[in-house]
Amino acid sequence: MLDSPEQNEDYMQQAIDLARIAFSNDEVPVGAIIVDNKSNKVIAKSANRMREKKNATCHAEILSIHEACDHVQNERLVGCDIYVSLEPCAMCAHAISIARLDRLFFGAEDKKSGGVFNGPKIFESSATHHKPEIISGLCSSESSQLLKDFFKAKRNNG
């Protein structure tokens, strides 16, 4: 298990770097990576790609889960953690549960569309079969600022 705060921050920085790529592609700046805890290797990573793929389900978390499942050749990602720059929405939180990811690390809270600590609070539902360990607030100010900058630019550009 990854217990080094420096290593956890490094993984979150990788997710934020992916969020920056999303920003530059006019996508909501969210990035996600999945790490195999045995090898401490990143086995999947993605930025949001909804506009590019013209598909509302192409959130960074969903795309990362797809890639990781392909990598391990299993629908379950036991022994893996996910790092996301923003609190996952309800769809992504439920996918994290279904995939059985061990731990969820996320940066900024999403007061409007979050599904973990805000909104429907997916992991508190009796319909949720698996609840990952949740570590929030990792590099949150950096992630938050990126989102603020993105939406400010959107408002200013009409």
Side-chain angles (χ1 to χ4, degrees), residues 1-5 7-110 113-140 143 146-147:
M1 284 261 179
L2 301 174
D3 291 321
S4 159
Q7 196 165 26
N8 291 336
E9 264 191 49
D10 177 59
Y11 288 133
M12 186 58 74
Q13 280 300 320
Q14 290 181 51
I16 291 171
D17 289 344
L18 290 163
R20 289 186 206 296
I21 291 168
F23 188 123
S24 70
N25 291 328
D26 198 32
E27 300 273 4
V28 175
V30 178
I33 69 165
I34 296 178
V35 176
D36 178 311
N37 289 328
K38 286 182 185 168
S39 66
N40 287 344
K41 299 235 185 286
V42 174
I43 61 169
K45 61 185 179 179
S46 186
N48 271 356
R49 297 175 65 193
M50 292 181 358
R51 287 177 178 240
E52 173 194 339
K53 297 282 191 181
K54 296 176 179 41
N55 183 327
T57 66
C58 287
H59 289 200
E61 300 95 321
I62 300 294
L63 294 170
S64 294
I65 289 169
H66 281 229
E67 185 180 331
C69 287
D70 284 348
H71 178 82
V72 301
Q73 291 295 290
N74 196 312
E75 73 278 11
R76 301 288 165 90
L77 297 172
V78 175
C80 296
D81 294 335
I82 188 166
Y83 293 76
V84 188
S85 58
L86 179 65
E87 175 183 356
C89 70
M91 173 182 71
C92 294
H94 198 71
I96 288 165
S97 173
I98 292 168
R100 304 293 196 268
L101 284 150
D102 290 357
R103 298 191 292 182
L104 161 62
F105 292 82
F106 70 84
E109 278 192 44
D110 187 345
S113 300
V116 178
F117 292 153
N118 298 284
K121 301 178 184 175
I122 293 300
F123 301 123
E124 293 180 19
S125 169
S126 62
T128 301
H129 301 294
H130 169 76
K131 178 181 178 178
E133 180 181 346
I134 300 165
I135 299 92
S136 64
L138 197 58
C139 306
S140 63
S143 181
L146 188 60
L147 286 152

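Heavy-atom basis, side chains included; hydrogens, waters and symmetry copies ignored.
- A 4.5 Å side-chain heavy-atom check between C58 and E52 finds every atom pair outside the cut-off.
- In this structure, the separation between CG on L77 and CD on E75 is 9.0 Å, given to the nearest 0.5 Å.
- P29 and A19 get closest at one heavy-atom pair: CB-O, 3.3 Å.
- Side-chain contact check for D102 versus E133: every heavy-atom pair is 4.5 Å or farther apart.
- Taken to the nearest 0.5 Å, the CD atom of Q7 stands 4.5 Å off from the CG atom of N40.
- At least one donor-acceptor pair under 3.5 Å links the side chain of S64 to the backbone N or O of S46.
- When atom types are taken as modelled, the side chain of N48 and the backbone of V28 share a donor-acceptor pair closer than 3.5 angstrom.
- Not one N or O on the side chain of S136 forms a donor-acceptor pair closer than 3.5 Å with the backbone of F106.
- Side-chain atoms of S140 and E109, non-hydrogen and from C-beta on, never get closer than 4.5 Å to each other.
- Once rounded to the nearest 0.5 Å, the distance linking SG of C80 with CD1 of I33 reads 11.5 Å.
- Counting all heavy atoms, side chain and backbone alike, A127 lies closest to H94 at O-CE1, 4.4 Å.
- When all heavy atoms of A47 and A60 are compared, the pair lying nearest together is C-CB, 3.7 Å.
- Considering CD1 of I96 and CD1 of I82, their distance stands at 4.5 Å, rounded to 0.5 Å.
- Residues Q13 and D17 have side chains that never bring a donor and an acceptor to within less than 3.5 angstrom of each other.
- Considering every non-hydrogen atom in both I21 and S24, the closest pair reads O-OG, 2.7 Å.
- Atoms CZ and CD1, on R103 and I134 in that order, are 12.5 Å from each other to the nearest 0.5 Å.
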Could you pull out all donor-acceptor pairs under 3.5 Å where a side-chain atom in residues 85-93 meets a protein atom, sequence neighbours excluded?
| unit_1 | atom_1 | unit_2 | atom_2 | d |
| --- | --- | --- | --- | --- |
| S85 | OG | G31 | N | 3.0 |
| E87 | OE1 | D110 | N | 2.8 |
| E87 | OE1 | N118 | ND2 | 2.7 |
| E87 | OE2 | V116 | N | 3.0 |
| E87 | OE2 | F117 | N | 2.7 |
| E87 | OE2 | N118 | N | 3.1 |

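- When all heavy atoms of A95 and I62 are compared, the closest pair comes out as CB-CD1, 3.5 Å.
- Between atom OH of residue Y83 and atom CG of residue L101 there is a gap of 11.5 Å, rounded to the nearest 0.5 Å.
- Contact detail for E61 and V30: the closest heavy-atom pair is OE1-CG1, 4.4 Å.
- Counting heavy atoms from C-beta outward, L138 and Y11 have side chains that stay 4.5 Å or more apart.
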All N/O donor-acceptor pairs, side-chain side in residues 66-74, below 3.5 Å, sequence neighbours left out:
| unit_1 | atom_1 | unit_2 | atom_2 | d |
| --- | --- | --- | --- | --- |
| Q73 | NE2 | D70 | O | 2.6 |
| N74 | OD1 | R76 | N | 2.8 |

